[in-house]
Each structure stands twice: as C-alpha cells, then as structure tokens.
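Reviewing the structure listed below.
Everything quoted here is computed from the prediction, not taken from an experiment. Note that the numbering runs from 1 along the sequence shown for the chain.
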Amino acid sequence: MFEISKRNSRLWSRMGARAFYGSALSAIAVDNPNVIAMSADLGRSSGLARFAAENPTQFINTGIAEQGMVGTASGLARMGFDVFASTFAPFASLRAGEIVRMNMGYMQEPVKLVALGSGLAMGFLGNSHYGLEDVAIMQAIPGLTVISPADCAEIYKTLQACLHYPHPVYIRLTGAINLPVVYEEDYEFKIGKAIWITPPNHTTIISTGTTVGHALRALKELEQSEPNIGLLNMHTIKPLDHEAIAQCVKSSQNICIIEEHTKIGGLGSAILQHINEYHSEYSGRILMHSIEDKYVDTGTYQFLLETNKLDHSGIVQFLREKLMHE
C-alpha cells in the first residue's frame, strides 16, 4: 500500500496530512507491538480511528489533556516503546510546552510528538488552532529534533525514520486535503539531510513542509522567464543540514526562504543565524517570505494561503517582485 508512486502519491494527497498520518502509522504498527499511538481526544481527526480498531491495546486516548499525554508518552518511551503522540500544533507546542521542555528536552525521552494542522491548515477554527509559532518554540528546546515533511510520501518516510531514532522529535504536519505532491517515486530520506528538488542556482529557494510543493509549482510556472532557480527541501529544521546551506552560499546570489510560519523564529531565523555564524562572508541577498508578525484572518485554508501569498501564485508574485530588477 505504501509504495511511493505517481498514482499513490496523488491518492494520498487527497487524504490530506492528518488522515494519511493515521493510515501510515497503522501500516507501520502491523506486526510491531512496540508502536504506541497516543491522542489528546483527536483519534478520528488524526486518522487514528483505524489504528485504534486494529490495535486497541496500542492506542491511548488521554482526552483533552495534552500535558498529561506528553508526560505519559515520556514514561512509555522510557520503558522502550516507540511512542507517537499527536494533537493540534498549538496545543502540542504551547499548552504542553513545559512538559515537552522538561521530559523530551531535558530528560531526552524519545517521544515523537506529532503536530496536526500546523501552519494555517485549521482554516475556520481560527487563530486559537493555527500553528504559526510552533517552530520558534520547539527549536528553542535543546536536544529536540524538528521535522516538517513536504508531502504524504515524506510523512511516511519521516515516521519510518523516527521509529528507532533515539532522540525526541517534533513532527510538524502542514497542509490540508489535496496537498501538493512533491515525490512520485521512492527516494532516500535521512533525518538532518536536506533534499535538492532542483540543483542550487543563481537564486535558491529553501523551504519546508507543504510549502515545498507550492514553491515547486511556482518554479514550473517561472521556468521560462526565471529559469535559474534551485529548490531545497529542508525537511529537518533542527538540526539544519550544514552542507546543503554551504552549497547555497557557494552557488547562489539570492537565498529565498519560504515557510508557512511567522517570520519570527522559524526556518528563516534558523538559517539567518546559521549563515551569520558559519558564513559571515556571504555577500548575496537573503529573502524571507513567510507570515507577518500578526494574527491572521479566518477562512478556508486556500483563502488563507492566498491572502498570505503562500500559494504558488503568491510565491510567483514574490519572486518576480524580488528578482525583476536583477
């Protein structure tokens, strides 16, 4: 079922990140009693209804108690279980933040905390449910790995890679149903190793999460007028891939960072800090395209992407405005 192919990738895209997560974890748990799925009363919303039905002794619903969920997950992880605990992004990063900091960060319990509906994906539920500050919070916790998969194929790759990964991980799932497809065939995925979608060029985009797919579509639209654009999928936000950033610095006059997160404390901030520390000689431009430091409007996910110019058309407009005078 989980062979990465053009047909399957399109089918998974229609499911969306949340539903696919539950389906993928169910497949991983087959004949693997060590896998435990936890939910803060979001079993159906996270696609885990099938997991609970097929693996009732491996599913725990803590109710609307995110702090308790992370604490319990930490205890189970210490006992040697592979624990995937999920809730909406702001509740994982903010409501449970202190427990994540102490149990997953300080105590290094290898819980895999899955943030559902990160970015703007929760649409009409509004700012209380948007995950726009979560990367800033999670990457500030020492010892915590932060991953944001580009599409459903990469969600599956991430879950597989995390299965025996001995460190705590925050998995940031962005996108809703019909999310953009990036991968249509199998590929090598390694935590901390970014993936080139197109090679580094005069202008190189670094992106993460489902924004990678929107950026890829933008590049296809621009390939005639602006052909010299590379695209890097920085799926692991922490730790950053030093080698890939070095390639960007060496090859590119413009480094453009695009993400579905506030411009404060996200991937852009991490890369700026990294370049300042390791490549202070870089003389090119660093451009950031993300969400402004404000509470955003409420509406459909597509409307929110459009108004924040993070759909492919908005990315095209941003790149044309920034590159047209070169």
Side-chain angles (χ1 to χ4, degrees), residues 1-5 8-9 12 15 17-18 20-38 46-48 51 58 73-74 76-77 80-86 89 92 100 104-105 108-116 118 134-135 138-139 141 143-175 179 181-197 206-213 232-244 267 270:
M1 176 184 177
F2 287 94
E3 176 187 358
I4 299 175
S5 65
N8 283 344
S9 293
W12 300 339
M15 295 173 65
R18 282 191 284 153
F20 181 80
Y21 159 68
S23 182
L25 193 60
S26 295
I28 287 173
V30 171
D31 299 324
N32 191 342
N34 206 57
V35 173
I36 292 180
M38 299 187 68
S46 57
L48 288 171
F51 186 105
Q58 294 169 248
S74 299
L76 289 167
F81 290 99
D82 294 305
V83 187
F84 293 83
S86 58
V100 173
M104 292 174 61
Q108 279 293 289
E109 303 299 351
V111 174
K112 280 60 185 182
L113 183 58
V114 182
L116 308 171
S118 294
D134 55 333
V135 173
M138 293 293 101
Q139 73 167 331
I141 296 175
L144 194 65
T145 297
V146 179
I147 303 173
S148 188
D151 65 0
C152 288
E154 196 153 84
I155 291 174
Y156 186 61
K157 288 282 192 181
T158 299
L159 296 179
Q160 285 184 311
C162 285
L163 197 58
H164 303 297
Y165 189 65
H167 306 291
V169 183
Y170 181 77
I171 303 174
R172 185 178 197 251
L173 301 186
T174 56
L179 54 81
V181 172
V182 177
Y183 297 104
E184 296 183 336
E185 57 185 37
D186 203 3
Y187 66 102
E188 183 180 1
F189 176 93
K190 184 177 180 181
I191 294 173
K193 186 67 176 176
I195 300 171
W196 289 103
I197 307 299
I206 305 176
S207 191
T208 190
T210 49
T211 310
V212 174
L232 179 65
N233 171 17
M234 189 69 76
H235 53 71
T236 305
I237 300 172
K238 184 183 178 184
L240 290 171
D241 185 338
H242 290 214
E243 182 181 340
L267 174 65

ask   = Side-chain contact, heavy-atom cut-off 4.5 Å: Leu116 with Val114?
value = yes
query = Heavy-atom distance under 4.5 Å between the side chains of Ile197 and Leu232, does that happen here?
reply = no
Can you give the donor-acceptor pairs under 3.5 Å from side chains of residues 160-167 to other protein atoms, not counting sequence neighbours?
residue: Gln160; atom: NE2; partner: Tyr156; partner atom: OH; Å: 3.3
residue: Tyr165; atom: OH; partner: Thr145; partner atom: OG1; Å: 3.1

query = Side chains of Val100 and Leu113: does their closest heavy-atom pair fall under 4.5 Å?
reply = yes
ask   = If you look at every heavy atom in Ala150 and Val212, which pair is closest and at what distance?
value = CB-CB, 4.0 Å
request  = Could you list the residues that satisfy side-chain contact (heavy atoms from CB on, under 4.5 Å) with Ala89, not counting sequence neighbours?
outcome  = Ala115, Ser118, Asp134, Tyr170
note = Between the CD atom in Glu3 and the CD atom in Glu185, the distance rounded to the nearest 0.5 Å is 11.0 Å
query = For Pro33 and Gln58, which heavy atoms make the closest approach, and how far apart are they?
reply = CA-NE2, 3.5 Å
remark   = The reported gap from CG in Asp82 to CD1 in Ile28 (rounded to nearest 0.5 angstrom) is 10.0 Å
task = Say whether, by atom type as modelled, one donor and one acceptor occur between the side chain of Asp186 and the main chain of Ile4 under 3.5 angstrom.
result = no
key: Chi angles and distances behind the side chain to side chain contact (heavy atoms under 4.5 Å, CB included) call for Met104, Ile141   = CA-CA 9 Å; Met104 292 174 61; Ile141 296 175; over 6 Å; no
ask   = Is there side-chain contact between Gln139 and Leu144, with heavy atoms separated by less than 4.5 Å?
value = no
message = If we ignore hydrogens and angles and just use 3.5 Å, is the side chain of Lys238 paired with the main-chain N or O of Met138 as donor and acceptor?
response = no
task = Side-chain contact test, heavy atoms from C-beta onward, threshold under 4.5 Å: evaluate it for Ile147 versus Ile191 and give yes or no.
result = yes
request  = Verify side chain to side chain contact (heavy atoms under 4.5 Å, CB included) between Ser148 and His235, making sure each step is shown before the conclusion.
outcome  = CA-CA 5 Å; Ser148 188; His235 53 71; over 6 Å; no
Check: Pro239 main-chain N/O paired with Thr236 side-chain donor or acceptor under 3.5 Å = no
request  = State the CG-NZ distance between Asp151 and Lys157, to the nearest 0.5 angstrom.
outcome  = 11.5 Å
inquiry  = Using modelled atom types and a 3.5 Å cut-off, is there a donor and acceptor pairing between side-chain atoms of Glu109 and backbone atoms of Ala77?
reply    = no
inquiry  = Centre-to-centre under 6.0 Å for Phe20 and Phe2, is that the case here?
reply    = yes
ask   = Are the side chains of Leu267 and Leu240 in touch, meaning some heavy atoms are under 4.5 Å apart?
value = yes
message = Is the shortest side-chain heavy-atom distance between Gln108 and Pro168 below 4.5 Å?
response = yes
remark   = Between the CG atom in Leu173 and the CG atom in Leu179, the distance rounded to the nearest 0.5 Å is 10.0 Å
task = Supply the atom-to-atom distance Lys193 NZ to His242 NE2, rounded to the nearest 0.5 angstrom.
result = 11.5 Å
request  = May I ask you to test the Val35-Phe84 pair for a side-chain heavy-atom distance under 4.5 Å?
outcome  = yes
task = Grab the two heavy atoms, one from Asn34 and one from Gly80, that are nearest each other, plus how far apart they are.
result = ND2-O, 3.0 Å
query = Cut-off 3.5 Å, side chains only: do Asn233 and Glu154 have a donor facing an acceptor?
reply = yes
ask   = Do Lys112 side-chain atoms and Pro110 backbone N/O form a donor-acceptor pair below 3.5 Å?
value = yes
key: Shortest non-hydrogen contact between Leu48 and Ala37, atoms and distance   = CD2-CB, 4.2 Å
query = How long is the span from the CG atom in Leu159 to the OH atom in Tyr21, to the nearest 0.5 Å?
reply = 6.5 Å
request  = List the atom of Thr158, the atom of Pro149, and the distance in Å for their closest heavy-atom pair.
outcome  = OG1-CG, 3.6 Å
